[in-house]
Each structure stands twice: as C-alpha cells, then as structure tokens.
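Data first, discussion second: the structure below is written as structure tokens.
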Amino acid sequence: MLKTHHCGEIRVEHDGQAVTLAGWVNRRRDQGGLIFIDLRDRWGIVQIVVDLETAPDAHHIASDARSEYVLQVHGNVRIRPEGTANPELETGDVEVVVSEMKLLNASKTPPFYINRDESIEEVRRMQYRYLDLRRPAMQKNMVTRHRVVKFIRDYLDNLGFLEIETPILFKTTPEGARDFLVPSRLQKGKFYALPQSPQQLKQLLMVAGYERYFQIARCFRDEDLRGERQPEFTQLDLEMSFVEREDIIQLNEGLATALVENIATDKKLLWKPFPRLTYAEAMEKYGSDKPDLRYDLQAHDVTDIAGKSGFAVFVSNTQAGKPVKVIRMPGMGEISGTALRKVAADLETLAREAGGKGLAYMALPLEETGEVKGPIGKFFTVEQKVELFERVDAQPGDLLLFISDEREIVYAITDKLRRHLAAEHNLADPNVLAFIWVIDFPLFLWDDELKRWDPSQHMFTAPMPEDLGLLDTDPGKARGTQYDMVCNGYEVAGGSIRIHERELQEKIFPLIGQTMEHAKEQFGHMLEAFEYGTPPHGGIAWGVDRLSMLFAGAPNIREVIAFPKTQTGADIMAHAPSVAEPGQLEELGITVVEPEEDEDE
RNA sequence: GGGGGUGUGGUGCAGCGGUUUAGCAUACUGCCCUGUCAAGGCAGAGAUCGCGGGUUCGAAUCCCGUCACUCCCGCCA
C-alpha cells in the first residue's frame with residue numbers, strides 16, 4: 001500500500017507516529033517558508049505541514065502543488081501547537097509534519113471546484129462526472145447508497161432469502177412500459193428485450209420452490225425521464241411463497257423501519273407502524289396515490305353544503321354529480337386586499353394548468369366579527385358558512401380554496417395545490433420520513449382510448465379474494481391485492497399477491513383485451529409453469545434509487561447514481577448513445593433508416 | 001409530442017427600461033510572506049455573452065429559429 005493510514009482517520013491517539021499518507025490536494029496555504037496542505041482522501045481531510053528548513057525537498061514539491069494534485073507524504077503526526085487547532089475538521093487537533101513528499105500525479109486545473117459546495121451546471125458535472133463524484137457531497141451519497149444495499153442484503157439474508165441473479169437479455173415483460181431492444185447476432189432479425197423488472201423470473205423462481213428470493217436488480221424502461229426516473233434504475237426485487245398480503249407488508253415495513261433507524265439516522269421516522277390509506281381515500285383526500293403526508297392540507301368534501309349555496313357554478317356542478325372540495329390553508333387568509341387577490345390568481349393559474357376552469361376562495365378574518373373576504377362569500381348563508389367551517393375545521397385567518405370539477409380534475413388540482421402550497425410555505429420537513437401504505441387499488445383502470453380495462457399494476461396481480469365475483473359483474477369495482485409503500489410523495493415500493501392459478505389468469509386476459517393466442521405467444525412459458533404446482537406467492541419491488549435519494553436528502557435520483565443519464569437519455573461524458581459502426585450493423589442484419597425531415601404530421 | 005426555467009472569462013453570479021472599456025467573487029499566472037485553515041498582500045492574464053438569423057445608427061439586452069441542461073404535462077408504477 002502507498003499509505004499506512006487514511007487522511008480522515010488521523011487523531012490525537014496517533015501523536016508521535018510515523019505515517020505515510022496519500023491523497024489529493026484539497027487546499028494549499030503557502031506562507032512562504034511554511035506550506036500547509038489539506039490532504040484529502042475518501043475518509044476525510046488532514047492538514048500536513050511542510051517546513052522549508054527541515055524538509056527543503058518536500059517544500060519544493062509542495063510549493064509547486066496545486067488543487068487536485070495527488071501526493072504521497074511521509075511524516076510524523078503531532079498535536080497541533082497551542083491555539084492552532086481547527087474545530088471544523090475531524091482531524092483538527094492534529095497535523096502531519098512532512099519529512100518526505102512525492103508527487104504521484106499532477107492535475108490540470110479542474111473545470112469546477114472539488115473543494116467547495118457550490119452549485120454547478122449539470123452539463124458540466126456530467127461531462128466530468130469523475131470529478132463531480134470526487135466531491136465529498138457525492139461521495140457521501142454513494143456511501144449512503146452502499147449502506148442501504150448492504151443493509152438490505154444482510155437483513156434479508158437473516159430472514160432466509162436467497163439473492164439470485166436473473167438475465168438482462170430476456171424477453172418483453174408485462175409491465176406496460178416501452179422495452180429496450182437488443183438485436184441478436186446469432187438469430188438475425190430477432191431481438192431480446194431488457195427486463196423492465198424481473199417480474200416473470202421471480203415468479204418462476206417461486207414455481208421452482210425457492211420460497212424467499214430477492215435481488216438488487218437493474219431494470220430498464222424506455223420512457224421519458226424525470227427527476228425520479230432514469231431509463232435504467234435499480235430495484236430491490238423480492239418475492240415470497242405461501243404468504244398473504246399482510247405478511248409482505250409486515251416484512252417490508254420491518255425492513256423499511258430498520259433501514260431508517262440504521263442508515264438514515266439523521267432522519268426522523270414520522271410513524272411506526274406505517275398508516276394505511278386505501279387508494280380511494282388517498283385520491284379523495286389528497287388527489288394522489290402517493291401523497292406526501294408530512295403535511296395535512298387535505299381536501300374536504302363539501303359537495304352537500306356548496307350545492308345548497310347560491311353560487312351557480314357549485315349548484316350546477318353538484319347537480320351534474322361533480323364534487324366540491326375545500327383545502328384549508330392556515331395563515332394565508334390573514335393577508336389582505338391586493339396581496340390576497342394576487343395569491344388567489346396564482347393559485348387559480350395552477351388550477352387551470354391542472355385542467356380546472358377556476359378556483360374559488362374564502363379568506364377568513366382574524367376576528368370573529370370580521371367579514372369573510374373573497375367573491376363567493378356572499379353566496380353562502382350564515383348557517384351554510386357555519387356548517388362549512390365546522391366541516392373543514394376552519395380557524396380564523398384560514399384561506400379556504402374551493403375545487404369543483406370532474407372528479408379526476410379535482411384530484412389533479414388537489415395534488416397540484418398541495419404540492420405547491422407545501423413548497424411555498426415550507427410545510428414539508430426535509431428531515432422527516434412519512435412512510436405510509438396505500439392499499440386496495442382498483443385491479444383495472446379504464447383505458448378510454450382503447451376502450452378496455454388495463455391492469456393497474458400488471459396482469460399477474462391477484463384480485464382481493466372477496467372481489468372475485470366482481471370480475472364477472474363489475475370489473476372496475478374489483479380491488480387488487482396491490483400495495484404501495486409511499487414516502488414523502490414518492491412511491492418507494494410496490495407489489496402484490498400474484499395469481500397462481502391458471503383458471504383465474506385465463507379469466508383476466510380477455511378483460512384486458514389480451515387474447516389467449518397472444519398471451520400464449522408472449523407468456524406461454526408462464527402459463528405452462530403455473531400448471532406444475534405453483535405455490536401461492538407475492539412480492540414487492542423497491543426503488544433503490546428513490547429510497548437512497550430520500551435518505552441522502554437529494555433533490556433527484558441522479559445524485560445517488562454514479563453515472564446517470566440526462567433527460568434526453570444521453571451520457572455526456574462518454575457520448576452515448578452513438579452511431580454504430582457499419583460493420584456491426586451488417587453483422588446484426590440491421591439497416592438504419594434516416595429520420596425523414598418533418599414529413600407526415 | 002406540449003408548456004415553463006436556465007445558458008455571460010475555468011467556476012458561481014450581476015448586467016437584460018437598446019449606446020458600459022461587459023461588472024463582481026473565486027479559481028488561474030507571477031512576486032512577497034514560517035502558524036495558516038474559504039490564509040493574506042501586490043501585480044497580471046483570461047469572454048467571438050450557447051449557436052444561427054432578423055430588427056436597429058447601435059443588441060449580452062428586443063424578435064424568430066435552433067441546440068444543450070433542467071422542471072412539469074403526456075408517457076411511465
């Protein structure tokens with residue numbers, strides 16, 4: 001080894017020891033005859049001192065050294081002279097007096113600062129990702145992620161799970177996203193699909209009798225990117241046999257809790273056990289199936305009261321079966337006149353963006369006797385207002401936002417307003433993790449374009465046993481066994497109990513517009529497997545990137561992925577994707593069709 | 001596919017009600033300095049203002065297009 005110790009681990013107990021260190025120049029402070037260098041490695045920073053008189057050769061190297069030069073130093077640890085300790089540094093009580101110094105490698109001036117926390121344009125960071133990753137903040141994120149994965153492995157191993165790898169080159173999976181295709185050279189004209197998840201394979205592992213499987217699995221989905229979505233991402237994929245919904249929920253809740261308590265030690269777990277919301281409740285109260293419950297801001301149904309009011313919009317909407325809901329925003333009713341109208345106008349813009357036609361409001365005065373502000377107050381009688389305020393538990397100084405529209409639009413507006421208000425007023429504590437379960441999802445969602453039912457998760461999700469009859473009578477009402485683990489507004493895990501009987505599976509296919517012929521073509525191996533003694537089974541898949549992001553307090557998952565892609569799916573550093581060599585294409589039997597200049601619509 | 005934001009010395013920002021020598025900080029280069037720690041002092045170099053076009057006597061600034069990064073909708077669990 002070129003070092004005997006790590007820079008970040010030198011402490012008072014090493015006083016007097018001869019050490020050899022190696023690392024990068026974080027900062028250099030040249031006093032002339034005396035040069036201080038903060039030497040950095042993955043474990044931290046330690047100050048080294050180079051004295052012209054006692055170590056002239058080392059001093060010469062040190063005076064030429066610049067940021068990010070790689071140095072090896074030999075010297076003695078000593079407690080810093082009285083009054084020169086640096087409480088900011090973990091190693092700040094000591095320093096290393098250098099006797100020899102070796103330049104292991106010089107560095108060009110870096111394109112951005114490694115040694116300071118400053119926002120850098122993302123293109124630049126991606127172009128020099130290896131330097132970006134050198135920044136302590138990024139190294140910390142990588143450590144967090146490593147600990148998450150390591151903890152998961154140990155935890156599940158202790159519970160008898162086996163980690164089993166599944167192929168990357170496989171076949172289209174029933175997840176419903178666009179597949180990445182890989183051409184086959186050995187069978188020209190045919191393609192593999194990269195797995196959107198190991199869904200089929202883990203179910204087959206259950207058929208194979210492994211009973212408890214997990215994998216830290218790379219998954220691929222060719223869809224547009226978001227801050228929380230990359231074309232390739234990592235799942236903790238898990239499947240168990242002989243379980244019911246409750247077993248999976250308990251086990252995963254245990255894992256999540258242990259993870260927070262052992263890894264995300266600077267975060268506060270808001271609830272233990274996790275509260276459970278039905279899908280219907282989540283949508284009605286928060287307009288989202290992954291609500292951020294660090295703050296309340298729920299939508300109260302006031303359809304009955306508003307329908308009796310004199311406000312024509314509410315009356316006609318109510319008669320048309322559209323709900324009226326109120327979000328109560330404390331404190332915002334206090335602002336007055338112009339400012340209030342401005343705020344209301346901004347919120348109305350948001351509502352319109354979410355598909356709404358407008359947004360009514362009432363601002364409640366601080367004094368009991370004061371007048372309700374806002375254009376719709378006059379359409380409610382005193383009794384109606386009293387009933388309304390009781391319904392939403394209104395307090396003096398509240399701003400009440402009224403949402404009324406088609407149910408789906410009410411959901412969208414509710415979600416948008418909640419997120420906006422919370423962000424605007426810092427209602428979401430970044431140090432809190434609000435884990436919840438969302439359960440009782442509908443088994444199918446109606447696809448209006450294709451005029452058919454679509455599995456809300458995937459086609460292997462089992463219906464709730466008590467809803468089996470609904471498959472024949474009213475499939476839209478049937479609930480699935482699906483469960484989602486949601487934290488701070490992100491879906492961090494989702495799964496279900498699977499269908500393990502062929503008869504039930506064959507009943508589902510026609511409902512989702514899947515013919516038996518086509519199903520056999522795509523999933524014949526699954527259907528056949530299910531005929532050889534399939535145990536009841538179920539599982540879940542966690543978004544490891546999202547979880548690590550939440551634990552790291554990062555604003556997006558790119559911060560916890562060493563080499564992520566940009567929004568156009570590019571790797572700016574390596575210039576991927578790139579044009580293939582003609583020879584490669586020929587070998588694969590592929591011809592590239594040049595995109596035509598805005599031809600058809 | 002659609003909507004929003006950003007793009008100015010290496011980096012982070014200002015300038016955008018049209019005329020500036022394109023400003024500041026830091027990094028960088030040289031010199032001084034033996035207890036600094038975001039070291040300090042002095043001097044200096046460094047920018048076709050993302051790119052293309054247009055309006056104008058005059059464009060970093062206004063208009064159109066385009067590219068890149070990013071946020072959101074669609075898409076995706």
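Letters go in sequence order (proteins before strands), and every chain restarts at 1.
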| task | Would you mind telling me which of B/rC28, B/rC69, B/rA39 lies closest to the side-chain atoms of A/R66? | result | B/rC28
| message | Any donor-acceptor pair under 3.5 Å linking the side-chain atoms of A/W542 with those of A/D237? | response | no
| query | If we only count heavy atoms from C-beta on, is the A/R221 to A/F180 side-chain gap below 4.5 Å? | reply | no
| note | When both distances are under 3.5 Å in a Watson-Crick or G-U wobble arrangement, the nucleotide paired with B/rG23 is B/rC13
| message | What's A/G83 touching, base or sugar-phosphate or nothing? Going by heavy atoms closer than 4.0 Å. | response | nothing
| message | Taking only side-chain N and O atoms of A/R178, does any of them lie within less than 4.0 angstrom of OP1 or OP2 on B/rA77? | response | no
| task | Determine yes or no for a side-chain-to-main-chain donor-acceptor pair under 3.5 angstrom, with A/E253 supplying the side chain and A/F274 the backbone. | result | yes
| Which of residues 37-60 of chain A sit near RNA chain B, with a heavy atom under 4.0 Å from it? | A/Q47, A/D51, A/E53
| Hey, is the side chain of A/R29 poking within less than 4.0 Å of OP1 or OP2 on B/rA39, counting only N and O atoms? | yes
| message | For the P atoms, the ones on B/rA25 and on B/rC62, what distance do you get once it is rounded to whole angstrom? | response | 26 Å
| task | Using modelled atom types only, decide if a donor and an acceptor are shared between the side chain of A/R546 and the backbone of A/E228 within a distance under 3.5 Å. | result | yes
| Of the nucleotides B/rC37, B/rC72, B/rC69, which one has an atom closest to the side chain of A/V123? | B/rC69
| message | Under 3.5 Å, is there any donor-acceptor pair linking the side chain of A/D224 to the base of B/rC75? | response | no
| field | Rounded distance in Å between the P positions of B/rU11 and B/rU56 | value | 35 Å
| task | Could you tell me whether A/R558 contacts a base, only the sugar-phosphate backbone, or nothing, with contacts defined as non-hydrogen atoms closer than 4.0 Å? | result | sugar-phosphate
| said: Could you tell me how far B/rA45 sits from B/rA27 if I compare only their C1' atoms? Round to whole Å. | reply: 13 Å
| query | So, does the side chain of A/E95 form a donor-acceptor pair with the base of B/rG35 at under 3.5 Å? | reply | yes
| message | Going by side chain to side chain contact (heavy atoms under 4.5 Å, CB included), name the residues that satisfy it together with A/F563, two or more places apart in sequence or in a different chain. | response | A/R129, A/L133, A/M573
| A/R498, A/E239, A/H537 screened by side chain to side chain donor-acceptor pair (under 3.5 Å) with A/Q203, the one that passes | A/H537
| said: Measure CZ/A/F36 against P/B/rC33 and give the value in whole Å, please. | reply: 16 Å
| field | Residue whose closest nucleotide on RNA chain B lies nearer the 5' end, A/F441 versus A/G569 | value | A/G569
| message | Taking A/P463's backbone N and O only, do any of them form a donor-acceptor pair with A/T481's side chain (distance below 3.5 Å, no angle check)? | response | no
| field | Nucleotide forming a Watson-Crick or wobble pair with B/rG46, both distances under 3.5 Å | value | none
| field | Atom pair distance, as rounded to whole Å: CZ in A/R135 and P in B/rG12 | value | 11 Å
| message | Less than 4.0 angstrom from a charged side-chain N to a carboxylate O is my criterion; do A/R245 and A/D440 meet it? | response | yes
| request: Using a 4.0 Å heavy-atom cut-off across all strands, classify A/R80 as base, sugar-phosphate, or nothing. | output: base
| Quick one: the side chain of A/R116 and the base of B/rG12, do they pair up donor-acceptor inside 3.5 Å? | no
| said: Between the base of B/rC76 and the side chain of A/R229, is there a donor and acceptor pair under 3.5 angstrom? | reply: yes
| Check: A/I168 main-chain N/O paired with A/R218 side-chain donor or acceptor under 3.5 Å | no
| request: Would you classify A/T84 as touching base, sugar-phosphate or nothing, given that sugar-phosphate means primed atoms plus P, OP1 and OP2, and contacts are heavy atoms under 4.0 Å? | output: base
| Nearest-Å distance once atom P is located in both B/rC51 and B/rC24 | 23 Å
| message | So, does A/T568 get its side chain near the phosphate of B/rC69, meaning an N or O under 4.0 Å from OP1 or OP2? | response | yes
| When rounded to the nearest Å, what value does the distance between C1' atoms of B/rA77 and B/rA60 take? | 45 Å
| Starting at the 5' end of RNA chain B and moving along, which residue's nearest nucleotide shows up first, A/L89 or A/N556? | A/L89
| task | Would you mind classifying the nucleic acid contact of A/A423 as base, sugar-phosphate or nothing, using non-hydrogen atoms under 4.0 angstrom? | result | nothing
| message | Suppose you measure atom P in B/rG2 against the same atom in B/rG17; what distance do you get, rounded to whole Å? | response | 29 Å
| Residues in side chain to side chain donor-acceptor pair (under 3.5 Å) with A/W24, at least two apart? | none
| field | Atom-to-atom span, CD1 of A/I557 to C1' of B/rU70 - whole angstrom | value | 14 Å
| said: Under 4.0 Å, heavy atoms only, any strand: does A/D222 hit a base, just the sugar-phosphate, or nothing? | reply: nothing
| field | B/rG35 base / A/R78 side chain donor-acceptor hit below 3.5 Å | value | yes
| Residue matched to B/rA68 through Watson-Crick or wobble contacts both under 3.5 angstrom | B/rU6
| Which part of the nucleic acid, if any, lies within reach of A/E88 when heavy atoms closer than 4.0 Å are counted: base, sugar-phosphate only, or nothing? | nothing
| Should the heavy atoms of other residues, nucleotides or ligands under 6.0 Å from CZ of A/F170 be counted, would the total exceed 12? | yes
| said: Would A/R80 and A/D15 count as a salt bridge (charged side-chain N to carboxylate O under 4.0 Å, His left out) here? Give the steps. | reply: CA-CA 10 Å; A/R80 292 200 195 185; A/D15 183 28; over 6 Å; no
| task | Can you establish whether the number of heavy atoms outside A/H60 located under 6.0 Å from its atom NE2 is more than 12? | result | no
| field | Lys/Arg cation over aromatic A/Y69: A/R66, 6.0 Å, 45° cone | value | no
Pull out every protein N or O sitting under 3.5 Å from an N or O of nucleotides 43-45 of chain B, one pair per line with the distance.
none

| said: Please report the distance separating the C1' of B/rU6 from the corresponding atom of B/rA38, rounded so that it comes out in whole Å. | reply: 28 Å
Nucleotide N/O of nucleotides 3-11 of chain B paired with protein N/O under 3.5 Å:
unit_1, atom_1, unit_2, atom_2, d
B/rG10, O2', A/P111, O, 2.7
B/rG10, N2, A/Y113, OH, 2.9
B/rU11, OP1, A/R124, NE, 3.3
B/rU11, O4', A/P111, O, 3.3
B/rU11, O2', A/E118, OE1, 3.4

| Which part of the nucleic acid, if any, lies within reach of A/I35 when heavy atoms closer than 4.0 Å are counted: base, sugar-phosphate only, or nothing? | nothing
| request: Take the protein atom CG of A/N26 and the nucleotide atom C1' of B/rU36, then report the distance between them rounded to whole Å. | output: 14 Å
| task | In whole angstrom, give me the gap between the P atoms of B/rC72 and B/rC63. | result | 27 Å
| Using purine N1 to pyrimidine N3 plus N6-O4 or O6-N4 for Watson-Crick, or N1-O2 and O6-N3 for G-U wobble, each under 3.5 Å, what pairs with B/rG40? | B/rC32
| said: Does B/rA39 have its OP1 or OP2 closer than 4.0 Å to a side-chain nitrogen or oxygen of A/R27? | reply: yes
| Length of the CZ-C1' vector between A/R226 and B/rA77, whole Å | 13 Å
| task | Please lay out, stage by stage, how A/T278 and A/R479 fare under the test side chain to side chain donor-acceptor pair (under 3.5 Å). | result | CA-CA 10 Å; A/T278 66; A/R479 292 165 303 157; over 6 Å; no
Show me, pair by pair, the donor-acceptor contacts under 3.5 angstrom made by side chains of residues 85-93 of chain A, not counting sequence neighbours?
unit_1, atom_1, unit_2, atom_2, d
A/N86, OD1, A/E88, N, 2.9
A/E90, OE1, A/R11, NH2, 3.2
A/T91, OG1, A/I45, O, 2.6

